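Quick notes on the structure that follows.
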2 protein chains.
Amino acid sequence: MKSETYRNTKQRSRILEILCHTDSHPTASWLYDQMKPEFPSLSLGTVYRNLGILEEQGLLKKLRSGSTFDRYDANTYPHAHFCCTECGSIYDMRDVEIPDMVQTVNKQTPHNVLEINLSYMGICEECLKKK
Amino acid sequence: MKSETYRNTKQRSRILEILCHTDSHPTASWLYDQMKPEFPSLSLGTVYRNLGILEEQGLLKKLRSGSTFDRYDANTYPHAHFCCTECGSIYDMRDVEIPDMVQTVNKQTPHNVLEINLSYMGICEECLKKK
DNA sequence: ATTAGTAATCGGAATGATTACGAATAAAGG
DNA sequence: CCTTTATTCGTAATCATTCCGATTACTAAT
């Protein structure tokens with residue numbers, strides 16, 4: 001059902017560019033707001049569709065843990081996240097080697113583990129300061 | 001804003017009872033369907049509200065990784081999950097000690113890690129058989 | 001047991017994120 | 001420059017979840 005050939009559009013490449021230059025794991029509507037000045041006729045649906053296509057192409061990952069809305073991460077190397085339950089911000093973490101975990105876990109289950117979602121939930125440094 | 005005193009209602013205690021007697025991590029609407037015969041006037045909003053109250057009371061956990069809808073788990077001991085990307089089923093895993101991880105990670109970050117969400121994504125044993 | 005106070009219920013309407021639609025547009029190859 | 005069709009835009013639809021107001025039913029105090 002998915003098409004075989006992708007075309008390069010200004011909108012899609014800008015979405016990826018923005019995602020590659022931030023570590024804040026944006027939402028679709030944040031991306032929409034960022035791009036609206038440059039693309040006055042931009043549609044929110046376009047942002048969502050392109051995020052889906054970029055995920056199909058393996059250029060980004062969709063993050064759904066934490067909030068009621070999705071966030072997107074162009075850092076596709078498997079890594080853990082810290083999600084602040086106060087302010088909703090997400091930080092990258094690099095202290096655990098996910099690929100090693102996948103191997104280890106696969107030896108222990110009858111299922112086929114392909115990837116691991118690991119998020120630390122808690123209160124971030126900034127929110128701790130405010131208390 | 002949340003009330004201090006909770007009352008015992010048939011609906012709420014049955015929700016918890018069902019959750020305690022299954023390991024399938026049900027959704028709100030599955031619980032609704034299960035209970036509808038016994039409570040013909042049951043409202044879906046009642047299920048959602050009670051799931052929220054039970055979570056407030058620490059009697060269950062909301063699982064949001066994996067699907068676009070929430071699932072609920074009355075096993076409140078920290079444990080990992082396996083989420084099948086084919087059929088959507090969720091299995092409990094016990095091979096990693098989450099509490100130990102929380103301690104370890106807290107020494108490595110300036111944030112305050114309170115809990116860990118760990119899910120293995122992949123294809124479950126049943127779906128593997130069908131291929 | 002009765003009553004008063006107020007959580008909790010039900011039903012339906014509202015919300016918010018995401019997806020689907022159809023007509024118009026614009027990449028990309030010939 | 002044409003043709004093809006993936007992509008866009010705008011809007012409507014979808015889906016899970018939350019909110020609302022009127023009614024019901026726990027619970028503690030009388």
Side-chain angles (χ1 to χ4, degrees), chain A residues 1-19 25-57 59-73 83 88 90, chain B residues 1-19 25-57 59-73 83 88 90:
Chain A
M1 204 49 66
K2 64 183 65 172
S3 72
E4 296 302 318
T5 63
Y6 296 108
R7 292 176 182 173
N8 285 334
T9 68
K10 296 181 181 67
Q11 292 90 337
R12 187 182 305 151
S13 54
R14 181 54 46 88
I15 288 175
L16 184 57
E17 189 179 13
I18 294 175
L19 274 174
H25 312 83
T27 63
S29 69
W30 185 89
L31 287 163
Y32 174 79
D33 292 339
Q34 291 292 307
M35 294 175 62
K36 193 68 175 172
E38 183 180 2
F39 302 89
S41 65
L42 182 66
S43 172
L44 188 54
T46 297
V47 177
Y48 274 108
R49 186 171 16 73
N50 279 315
L51 286 168
I53 290 173
L54 290 167
E55 190 184 23
E56 265 177 28
Q57 298 176 311
L59 297 172
L60 57 79
K61 299 281 297 176
K62 184 190 287 190
L63 310 180
R64 46 185 27 163
S65 56
S67 312
T68 62
F69 41 84
D70 294 338
R71 291 167 166 271
Y72 296 87
D73 190 348
C83 308
I90 299 185
Chain B
M1 203 47 66
K2 63 184 66 170
S3 72
E4 296 301 318
T5 62
Y6 296 109
R7 291 177 182 172
N8 286 333
T9 68
K10 296 180 182 67
Q11 292 90 335
R12 186 181 307 152
S13 54
R14 180 55 46 89
I15 288 174
L16 184 58
E17 190 180 12
I18 295 176
L19 274 174
H25 312 83
T27 63
S29 69
W30 184 89
L31 286 163
Y32 174 80
D33 292 340
Q34 291 293 306
M35 294 175 62
K36 193 69 175 171
E38 182 181 3
F39 302 90
S41 64
L42 182 66
S43 170
L44 188 55
T46 297
V47 177
Y48 275 107
R49 185 168 17 72
N50 278 316
L51 286 168
I53 290 172
L54 290 166
E55 189 184 24
E56 266 178 24
Q57 297 176 312
L59 296 171
L60 57 78
K61 299 282 294 175
K62 183 189 289 191
L63 311 180
R64 44 185 28 161
S65 58
S67 313
T68 61
F69 41 84
D70 293 337
R71 292 167 165 272
Y72 297 87
D73 190 349
C83 308
I90 299 185

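This structure is a prediction, so every number in the text was calculated from the model and none was measured. Letters A, B, ... are given to chains in the order of the sequence lines, protein chains preceding strands, and every chain is numbered from 1.
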Item checked: Separation of atom CZ in A/R64 from atom P in D/dA16, rounded to whole Å -> 13 Å

Margin query: Expressed as a whole number of angstroms, how long is the span from B/E38:CD to C/dC10:P?
Written below: 12 Å

Margin query: For the helix from C/dA1-D/dT30 to C/dG30-D/dC1, what angle separates the axis at the start from the axis at the finish, each from five pairs, in steps of 10°?
Written below: 40°

Margin query: Whether the side chain of A/R12 engages the backbone of A/N50 through a donor-acceptor N/O pair (distance < 3.5 Å, no angle test) should be reported.
Written below: no

Next item on the list: Would you give the length of the straight line joining atom OG of A/S67 to atom NE2 of A/H25, rounded to the nearest 0.5 angstrom?
Entry: 12.0 Å

Next item on the list: Find the distance between CZ (B/R14) and CE (B/M35) and round it off to the nearest 0.5 Å.
Entry: 7.0 Å

Next item on the list: Please report, rounded to the nearest Å, how far the P atom of D/dA6 is from the CD atom of A/E56.
Entry: 13 Å

Note to self: Could you tell me how far apart B/F39 (CZ) and C/dG11 (P) are, to the nearest whole angstrom?
What the structure shows: 14 Å

Check: Taking the side chain as C-beta and beyond, is there a heavy-atom pair between B/R64 and A/T68 under 4.5 Å?
Finding: yes

Margin query: Side chains of B/L54 and B/Q57, heavy atoms from C-beta outward: is any pair under 4.5 Å?
Written below: yes

Check: How long is the line joining CG of B/L54 and P of C/dA8, in whole Å?
Finding: 10 Å

Item checked: Approximate separation, where rounding is to 0.5 Å, of B/I53 CD1 and B/L60 CG -> 11.0 Å

Next item on the list: At under 4.0 Å between heavy atoms, which parts of nucleotides 16-30 of chain C does protein reach? Answer with one letter per nucleotide, 5' to 3': B base, S sugar-phosphate only, - none.
Entry: -SBB------BBS--

Notebook entry, point to check: Rounding to a whole Å, what distance do you find between B/L51:CG and D/dA16:C1'?
Noted result: 13 Å

Next item on the list: Give the rounded distance in Å between these two atoms: CG of A/L42 and P of D/dT7.
Entry: 15 Å

Next item on the list: Using heavy atoms to find the nearest nucleotide of DNA chain D for A/I53 and A/P40 separately, return the residue whose nucleotide is more 5′.
Entry: A/I53

Do any side-chain atoms of residues 41-48 of chain A form donor-acceptor pairs under 3.5 angstrom with protein atoms, and if so which ones, sequence neighbours left out?
from  : atom 1 : to    : atom 2 : distance (Å)
A/S43 : OG     : A/G45 : N      : 3.3
A/T46 : OG1    : A/R49 : NH2    : 3.3

Notebook entry, point to check: What is the distance from CD of B/Q57 to C1' of C/dA7, rounded to the nearest Å?
Noted result: 12 Å

Next item on the list: Find the distance between OG1 (B/T27) and CG (B/D70) and round it off to the nearest 0.5 Å.
Entry: 9.5 Å

Margin query: Any heavy-atom pair between the side chains of B/K62 and B/L51 that's under 4.5 Å?
Written below: no

